[in-house]
Amino acid sequence: MSENSKIKVTLPDGNAREYPAGISLMEIAKDISSRLAREALAAKVDGQVVDMGRTLEGDAAVAFLTFDDEEGRQVYRHSTSHVMAQAAQKLFPGTKLAIGPAIADGFYYDFDTREPFVPEDLARIEKEMEAIIKADLPFERSALSRPEALAMFKKAGQEYKVELIEDLPEDVPLSIYRQGDFVDLCMGPHLPSTGRLKSVKLMSVAGAYWRGSEKNKMLQRIYGTSFPKRSMLDEHLFRIEEAKRRDHRKLGAELDLFSIQDEGPGFPFFHPKGMILRNELEKYWREEHKKRGYQEIRTPIILSQQLWEQSGHWDHYRENMYFTKIDEGDYAVKPMNCPGGIMVYKIRPHSYRELPIRMGELGLVHRHELSGVLHGLMRVRCFTQDDAHIFMLPSQVKEEIIGVIDMEDDLYKMFGFDYNLELSTRPENSTGSDEIWELATDALRDALETKGLKYKVNEGDGAFYGPKIDFHLKDSIGRTWQCGTIQLDFIMPEKFDLAYVGEDGQKHRPVMIHRVIFGSIERFIGILIEHFAGAFPAWLAPVQSIVIPITERHVPYALEIEKSLDEKGIRVEIDTRNEKIGYKIREAQNQKIPYMLVVGDKEADQGSVAVRHRSQGDLGAMPLAEFTDKLLEEIKSKSY
RNA sequence: GCCGGCGUAGCUCAAUUGGCAGAGCAGCUGACUUGUAAUCAGCAGGUUGCGGGUUCGAGUCCCAUCGCCGGCUCCA
């Protein structure tokens, strides 16, 4: 073999190796180590993810992908979805295939079937998949021309595939993948063979519209997941169970925090204990806003329809609004707080010296949501936004945005939340000129860059009046929730002819920021319930301590303790029932009360309390004053 | 709103091919006087989500409706 038929392969660690041209990636992996050959699912060649069967004709940078790599996992799951499609087609002949991608924790495939799948079908499909895996069929890629592809899928009656091909740009190279008698249109890449799949589980079946539009036919979607080890699947299933155990709807009922009843779908009732949590959050919110120069307002829930026409909500948000008539006039229930805040700004002229004006409002908004999307406190039809509108000079924009970013950061850290940032740009249904949108988007981007923060761009996901920065919180079991947003708005000031008097004595147009931190108090409470699994830090706990007398004889002393703690402002309960303490402790534990104070003869004699912490267990006896100080400090510092 | 599943006591769940609606926990009453996650006994608790229909007879079958759950879509 001549010298020029050698190629240079550079590995991620910087080492380069020489191989003959035409060598396959699998052969290279084998050459490096047999373990790598066993574990590699696909490879990245010059940044492109490809099959292990691909051959190299020239120098390349190569990285092998295993299940530890996000892209490796995607290949693994995507191949599983092909195996599922093969199984479904075998068991249900005539099943048409739509799409079957890998998703965050697994994969799905959308099918068009004569009869909807029932849960029992999943078990059958799963079994068939096992047979396919056992057969260890190789995934074989072949390139083909557009006319070939169209002819092939038309002949097979795969109308969705035909539609996909027709919608692909002319210059996209097409490929198909085969395993056994199954063929699918697919860009790939795929695993070397079906035998690489180990633990597969089909999770659920649900309806899903073709291409996500309710105008199209509803298909049958099967969700599943797969792992290279049984233990990894078990761990995944355990995480799902853990999420169920933390479900705020379940805990909300058990801890008596809130309820949602048939009489008000999507309209939550807050119970006394839920209100304590809520009021503590709001108290904290008010303190933090006061520190940062915010004023608080409250604006009406119902306002003239004309106002909503002026704001643009009538044109862009009507579908989500509730309307009503008062006497002969048309009114709307507010879905957002901004017009109200604007009316407060407009009540009198403002000097440039007053700006920025930071105006907060815990505003109750109502939005019509489709009945099928309601979900506990996470998705409701009325909720309280911890809103604020900042009216400022154009020159203050950057500083104010940074101020809000810093504030969000401070507040989230208090709860122990980490977060990701997203920048959302102009959506389809929006108002204002391109110049204004560009200006606003650049200002947000500039603030993020100045802070040196990482962010993802979310094209077309902004509000109808401006672009936004979104904060996605990560909870204790790794799920993310969108909470805070910062929206920059040059448009509402225009629509409402807002003004300030400048140094030159002339009227000028202020700029607005709309922002929330918790987002919705209701949703935030839902997130907190799941994040803490109901075991709130003492400052938020509806009941901070419970006194548990051992027998009736100790009740008078227990009442003294209760009174003393109550006078110190600690939320305390007492369990005077004639029960064994094991029983009372169990109940207090289930209620996730931070501190249980057991009192009997010893404690009454010494003026002490036997302290039990809900997670640390028995802490032993200590003088009442010592316990009180300790708890007060814990509450004050909001520690956990 | 759409697809699929599900609504039985406050909660968790039973009830054969259509044949007398039941249990545990919680609640109430009583006994026990208890030392760190469920003491014992008794009592009470229901127009089986609501409304129609089929049937000698419906928790069970059919229709309609409300709500819930998992998704789609949407979003704080």
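Convention: sequence-line order gives letters A, B, ...; per-chain numbering from 1.
Relative orientation of the A:Y160 and A:W210 rings is perpendicular, given thresholds of 30° and 60° on the angle between their planes. By the 30° and 60° cut-offs, the orientation of the rings of A:F267 relative to A:H366 is tilted. The aromatic rings of A:F524 and A:F415 sit perpendicular to each other, their planes meeting at more than 60°, with 30° as the lower class boundary.
Nucleotide B:G35 holds its P atom 11 Å from the CD1 atom of A:I585, rounded to whole Å. Going from atom CD1 of A:I103 over to atom P of B:C72 covers 8 Å, rounded to whole Å. With rounding to whole Å, A:K244 atom NZ is found 19 Å from B:C68 atom P. We find that CG of A:N590 is positioned 12 Å from P of B:A37, with the value rounded to whole Å. The NE2 atom of A:H248 sits 13 Å away from the C1' atom of B:A76 (whole-angstrom rounding). Atom-to-atom, CE of A:M321 to P of B:C75 comes out at 16 Å; the value is rounded to the nearest Å. Here the C1' atom of nucleotide B:C32 and the CD1 atom of A:I581 are 16 Å apart, to the nearest Å. Rounded to an integer number of Å, the gap from A:L202 CG to B:G71 C1' is 15 Å.
Among the atoms of the strands shown, base atoms are found under 4.0 Å from some heavy atom of A:E552. Nucleic acid contact for A:R249: sugar-phosphate only, since backbone atoms but no base atoms lie under 4.0 Å from a heavy atom of the residue. A:D618 comes within 4.0 angstrom of a nucleotide base, judged by non-hydrogen atoms across all strands. Across all strands, A:E263 comes closer than 4.0 Å to no nucleic acid atom at all (heavy-atom distances). Here A:E254 lies out of heavy-atom contact (under 4.0 Å) with every strand. If you check every strand for non-hydrogen atoms under 4.0 Å, A:E579 touches a base. Looking at heavy-atom distances under 4.0 Å, A:G582 makes contact with sugar-phosphate atoms alone, never a base. Among the protein residues, A:A610 comes within range of the nucleic acid bases, having at least one heavy atom under 4.0 Å from a base atom. Using a 4.0 Å heavy-atom criterion, one finds that A:V373 contacts the bases of the nucleic acid, with or without backbone contacts as well. Within 4.0 Å (heavy atoms only), A:R221 reaches sugar-phosphate atoms of the nucleic acid but no base atom. Note on A:G372: a base of the nucleic acid sits closer than 4.0 angstrom, heavy atoms only. Across all strands shown, A:K584 has no heavy atoms under 4.0 Å from either base or sugar-phosphate atoms. Using a 4.0 Å heavy-atom criterion, one finds that A:G207 contacts the bases of the nucleic acid, with or without backbone contacts as well. Within the nucleic acid shown, A:V380 comes within 4.0 Å of at least one base atom, counting heavy atoms only.
Looking at A:R379, its side chain comes within 3.5 Å of the base of B:C74 through a donor and an acceptor atom. At a cut-off of 3.5 angstrom, counting only N and O atoms as typed in the model, there is a donor on one side and an acceptor on the other between the side-chain of A:Y209 and the base of B:G1. No donor-acceptor contact under 3.5 Å links the side chain of A:E319 to the base of B:G1.
Distances were taken from every side-chain heavy atom of A:I550 (C-beta onward) to each of B:U34, B:A76, B:G70; the shortest belongs to B:U34. Considering only the side chain of A:L370, B:U73 comes nearest among B:A76, B:G35, B:U73. For A:K580, the listed nucleotide lying nearest its side chain is B:U34; candidates were B:G35, B:U34, B:A76. The side chain of A:R553 has B:U33 as its nearest neighbour among B:U33, B:C75, B:A38.
Heavy atoms from other residues, nucleotides or ligands lying under 6.0 Å from CZ of A:R298 number 12 at most.
Distance check on atom C1': B:C63 versus B:U55 gives 16 Å, rounded to whole Å. With both ends at atom P, the span from B:C56 to B:C13 equals 37 Å, rounded to whole Å. Rounded to whole Å, the separation between the P atoms of B:U39 and B:C6 comes to 38 Å. Separation of the C1' atoms belonging to B:G67 and B:G51 is 15 Å when rounded to the nearest angstrom. Rounded to whole Å, the P atom of B:G30 lies 41 Å from the corresponding atom of B:C68. As rounded to the nearest Å, B:U48 and B:C3 have C1' atoms that lie 27 Å from one another. Rounded to whole Å, the separation between the P atoms of B:G4 and B:G45 comes to 41 Å. As rounded to the nearest Å, B:C25 and B:A9 have C1' atoms that lie 12 Å from one another.
The partner of B:C28 is B:G42, by the rule that a Watson-Crick or G-U pair needs both atom distances under 3.5 Å. In this structure, B:G35 forms no base pair with any nucleotide, since neither Watson-Crick nor G-U wobble geometry is met with both distances under 3.5 Å. Pairing of B:G59, defined by two Watson-Crick or G-U wobble distances under 3.5 Å, is not identified with any nucleotide. Base pairing of B:G1 is made with B:C72, judged by Watson-Crick or G-U wobble geometry with both donor-acceptor distances under 3.5 Å. The nucleotide B:C6 finds its pairing partner in B:G67, both defining distances of the Watson-Crick or G-U wobble pair being shorter than 3.5 Å. When both distances must be under 3.5 Å, the Watson-Crick or G-U wobble mate of B:A23 is B:U12.
Between A:D247 and the options A:R249, A:R245, A:K250, a salt bridge (Lys or Arg N to Asp or Glu O under 4.0 Å) holds for only A:R249.
Not less than 6.0 angstrom separates the ring centroid of A:W285 from the ring centroid of A:Y294. The aromatic ring centres of A:F92 and A:F111 sit 6.0 Å or more apart.
When the side-chain nitrogen and oxygen atoms of A:S371 are compared with OP1 and OP2 of B:G1, one or more of them lie within a distance under 4.0 Å. Using a 4.0 Å cut-off, some side-chain N or O of A:Y583 falls inside it from OP1 or OP2 of B:A26. Dashed line: the shortest gap from a side-chain N or O of A:H375 to OP1 or OP2 of B:G70 is under 4.0 Å. Here A:R577 reaches the OP1 or OP2 of B:G27: one of its side-chain N or O atoms lies under 4.0 Å away. An OP1 or OP2 oxygen of B:A76 is reached within less than 4.0 angstrom by a side-chain nitrogen or oxygen of A:K468. Contact check, A:Y223 against B:C72: a side-chain N or O comes under 4.0 Å of OP1 or OP2.
Each of A:Q261 and A:Q220 was matched to the nucleotide of RNA chain B holding its nearest heavy atom; the match closer to the 5' end belongs to A:Q220. Residues A:E522 and A:T551 both approach RNA chain B. Their nearest nucleotides, taken by heavy-atom distance, put A:T551 toward the 5′ side.
Side chains of A:V611 and A:M622 form a contact here, defined as non-hydrogen atoms less than 4.5 Å apart. Residues A:T425 and A:P467 have side chains not in contact (no heavy-atom distance under 4.5 Å, counting atoms from C-beta outward).
At least one donor-acceptor pair closer than 3.5 Å links the side chain of A:Q158 to the backbone N or O of A:L97.
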